[in-house]
Structures are given as C-alpha cells and as structure tokens.
Amino acid sequence: LKLLLASARGRRGVGIGGPPAMPDPSIKTHMNYIQDKMNPIMESMVTAVLLKCPEDPAEFMLKWLLEQTRYDRGEFGREIANADLAQLRSELERLKGEKAKLTEDLATQG
C-alpha cells in the first residue's frame, strides 16, 4: 500500500497527507522558456490579429511572424539572391499556367 501511495503521489504531484511533490526540473525549464521567450511573441501576434480581424488568421499570423525583425526567423531571415528570386517567380508563373490548364480541363470533362 505504501508503494502504491508513493507511486500515486509522484504521478499526481500531491501526496496524501504530505506536501505536494516538486515539479520536474524540465517542466520548470519549459515554463520559464514559455514565459520568457514565447509569451512576448504570442502576445504581440494575438494583439495584431485582434486589431485586424483577418479572414484567414493562420495566413495573417505566418506573414506577421515573417515580417518581424526582432525575432530570429531562421532560414526565412536570410537574403535571397536576385537570380534565385527570378527563378522562383518563373516557376510560380509556370505553375499558375498549369493550374489554369488543369482547371479548364476539369471544367470541360465535368
């Protein structure tokens, strides 16, 4: 019975007749990370969303995050070469044309 109570105390974080168990150090580390690193970004982003009330909040949030200069944007923060940009735009136009053709083909078959 003592073993069962000790096991339950450890899982629930509260002992029967004893003080609550201390949180796992990794939980405290995660909570500090959320408080220090994530909350400032999330609060700013949610405020921006609420001010704009966009039709597509997910798209708005992605764009908002990419526009931020004070946060590390990882690979999205690097400069892109003009040649790469031109190639991507060309590929985009090709894909738009392919989509239009497929849409037209689908309409004629249906």
Side-chain angles (χ1 to χ4, degrees):
L1 181 60
K2 287 182 182 182
L3 182 59
L4 181 61
L5 289 174
S7 175
R9 184 181 309 131
R11 277 197 307 264
R12 290 184 307 213
V14 178
I16 297 175
M22 294 299 293
D24 185 335
S26 66
I27 292 173
K28 188 172 184 175
T29 301
H30 288 134
M31 293 303 294
N32 286 339
Y33 179 82
I34 290 169
Q35 186 68 32
D36 297 340
K37 303 288 186 179
M38 292 182 65
N39 277 354
I41 298 168
M42 298 299 291
E43 287 174 3
S44 296
M45 184 172 60
V46 168
T47 299
V49 169
L50 293 175
L51 289 172
K52 295 282 184 178
C53 294
E55 190 66 32
D56 185 352
E59 181 180 346
F60 177 87
M61 289 186 285
L62 287 171
K63 287 180 181 178
W64 184 90
L65 284 169
L66 289 173
E67 291 170 356
Q68 303 311 300
T69 57
R70 62 182 174 207
Y71 307 116
D72 179 14
R73 296 185 295 170
E75 68 179 81
F76 298 105
R78 67 180 173 83
E79 291 292 320
I80 186 167
N82 285 337
D84 291 340
L85 187 56
Q87 182 182 359
L88 289 171
R89 286 186 174 142
S90 174
E91 178 73 5
L92 177 62
E93 291 306 315
R94 185 187 68 73
L95 290 170
K96 284 181 178 178
E98 188 176 323
K99 177 187 173 193
K101 183 183 180 311
L102 290 170
T103 301
E104 182 181 317
D105 290 347
L106 187 60
T108 58
Q109 290 177 2

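Just so you know, these numbers come straight off a predicted model, no measurement behind them.
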Check the pair K99, T103 against side chain to side chain contact (heavy atoms under 4.5 Å, CB included), reporting the backbone distance first and the verdict last.
CA-CA 6 Å; K99 177 187 173 193; T103 301; 4.1 Å; yes
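- For the pair W64/I41, a side-chain contact is recorded, criterion being any heavy-atom separation below 4.5 Å from C-beta on.
- E55 meets the salt bridge (Lys or Arg N to Asp or Glu O under 4.0 Å) test with no other residue; sequence neighbours excluded.
- Distance NE2/H30 to CD1/I27: 9.0 Å, rounded to 0.5 Å.
- Listed by chain and residue number, N32 satisfy the side chain to side chain contact (heavy atoms under 4.5 Å, CB included) test with D36 (two or more places apart in sequence, or in another chain).
- Interatomic distance, L95 CG to L102 CG, rounded to the nearest 0.5 Å: 10.5 Å.
- Looking at every heavy atom in both residues, V49 comes nearest to P54 through O-CD, 3.4 Å.
- Atom OG1 of T47 and atom CE of M42 lie 11.0 Å apart (nearest 0.5 Å).
- Pairs engaging residues 87-97 under the salt bridge (Lys or Arg N to Asp or Glu O under 4.0 Å) rule: E91-R94, E93-K96, R94-E98 [sequence neighbours left out].
- The CE atom of M61 sits 12.5 Å away from the CG atom of L66 when rounded to the nearest 0.5 Å.
- In this structure, N39 CG and Y33 OH are separated by 11.5 Å, a value rounded to the nearest 0.5 Å.
- With sequence neighbours excluded, the residues forming a salt bridge (Lys or Arg N to Asp or Glu O under 4.0 Å) with K101 are D105, listed by chain and number.
- Note: E43 CD to M38 CE = 11.5 Å, rounded to the nearest 0.5 Å.
- For N82, there are no side chain to side chain contact (heavy atoms under 4.5 Å, CB included) partners at least two apart in sequence or on another chain.
- The main-chain N or O of P40 is found under 3.5 Å from a side-chain atom of S44 such that the two form a donor-acceptor pair.
- Contacts of E59 classified as side chain to side chain contact (heavy atoms under 4.5 Å, CB included), with partners at least two apart in sequence or in another chain: D56, K63.
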